[in-house]
Structure formats: C-alpha cells, structure tokens
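Below, all heavy atoms of this structure are taken into account, side chains as well, without hydrogens, waters or symmetry copies.
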Amino acid sequence: MSNRREFIVQLSLGGSALAGANAFAADLPMVDATNPQATALGYVADTTKADAKKFPKHVAAQQCSNCALYQGKAGAVSGACPLFAGKQVTAKGWCSAYVKKA
C-alpha cells in the first residue's frame, strides 16, 4: 500500500514539474540567427529563407514544428529546442539538424 501512495505522490509531483517547465519555456528568449550555434547550423526563423546552395537537401516542408527535436506545443508560434539551450525557435524555422518527427 505504501508503494502505491508513494507512486501517486511522485506522479503528481512529476506532472506539476512538467507543467511548470512548459510555462517556463514560453518565457525563454528567441534564438538570434547571428548566434554562433545558430549560424553553424544554418538556422533561419523562416524555412523558406534557408540557403539552398549551402543546404541542397533542405525542403520547404521541413520546419521546426515538424522536427523531432522541437519541444513546442502543436500550433504554437515558437518552442524550445535542445540545440539552443535556454532559447526558443520559431515553429516555421529550420536548421540543418532537422529530423522529421515520427
């Protein structure tokens, strides 16, 4: 019985932490395209502005919102990305680390 109570308490604390993390993500500043990491990855806030010569495999349908790394909510204008710690990327953005969401 004790284990079940502990599990429920831990579950509720974990849910609260996740909710707090999502609220915190909304307060993060946007990544600046001139940031060295962003420049190295070819990040652009608008996928249609990706450098086609430098990134020939880029496709206009690729954008942060459908990337496996994107942590924003569906329909959000922006969200966190682990590649840019402490920053948000635009949902319509793109970088060379793009991986299609499964």
Mind checking what makes salt bridge (Lys or Arg N to Asp or Glu O under 4.0 Å) contact with D46, not counting sequence neighbours?
K49
How many angstroms lie between CG in D32 and CD in Q37, if you round to the nearest 0.5 Å?
13.0 Å
Closest non-hydrogen atoms of P29 and G86, given as atom of the first, atom of the second and distance, are CD-O, 3.4 Å
With sequence neighbours left out, the residues meeting side-chain contact (heavy atoms from CB on, under 4.5 Å) with A91 are S65, Y70
Residues pairing under salt bridge (Lys or Arg N to Asp or Glu O under 4.0 Å) where one sits in residues 91-102, two or more places apart or in two chains, turn out to be none
Partners meeting side-chain contact (heavy atoms from CB on, under 4.5 Å) with P36 (sequence neighbours left out):
none
Is there a side-chain contact between V89 and M30 (heavy atoms, below 4.5 Å)?
no
Should V31 and L83 be counted in the same cluster of Ile, Leu, Val, Met, Phe, Trp and Tyr side chains packed under 4.5 Å apart?
yes
Could you grab the distance from atom OG of S78 to atom CG of L28, nearest 0.5 Å is fine?
9.0 Å
Are T47 and Q63 linked by a side-chain donor-acceptor pair shorter than 3.5 Å?
no
With sequence neighbours left out, the residues meeting side-chain contact (heavy atoms from CB on, under 4.5 Å) with V59 are A61, Q62
Residue set satisfying side-chain contact (heavy atoms from CB on, under 4.5 Å) with S96, at least two apart, ordered chain then number -> L41, F55, W94
Tell me every residue that passes side chain to side chain donor-acceptor pair (under 3.5 Å) with N35, counting only those two or more places apart in sequence or in another chain.
none
Intermediate values then yes/no, side chain to side chain contact (heavy atoms under 4.5 Å, CB included), Y98 and C64:
CA-CA 7 Å; Y98 174 86; C64 294; over 6 Å; no
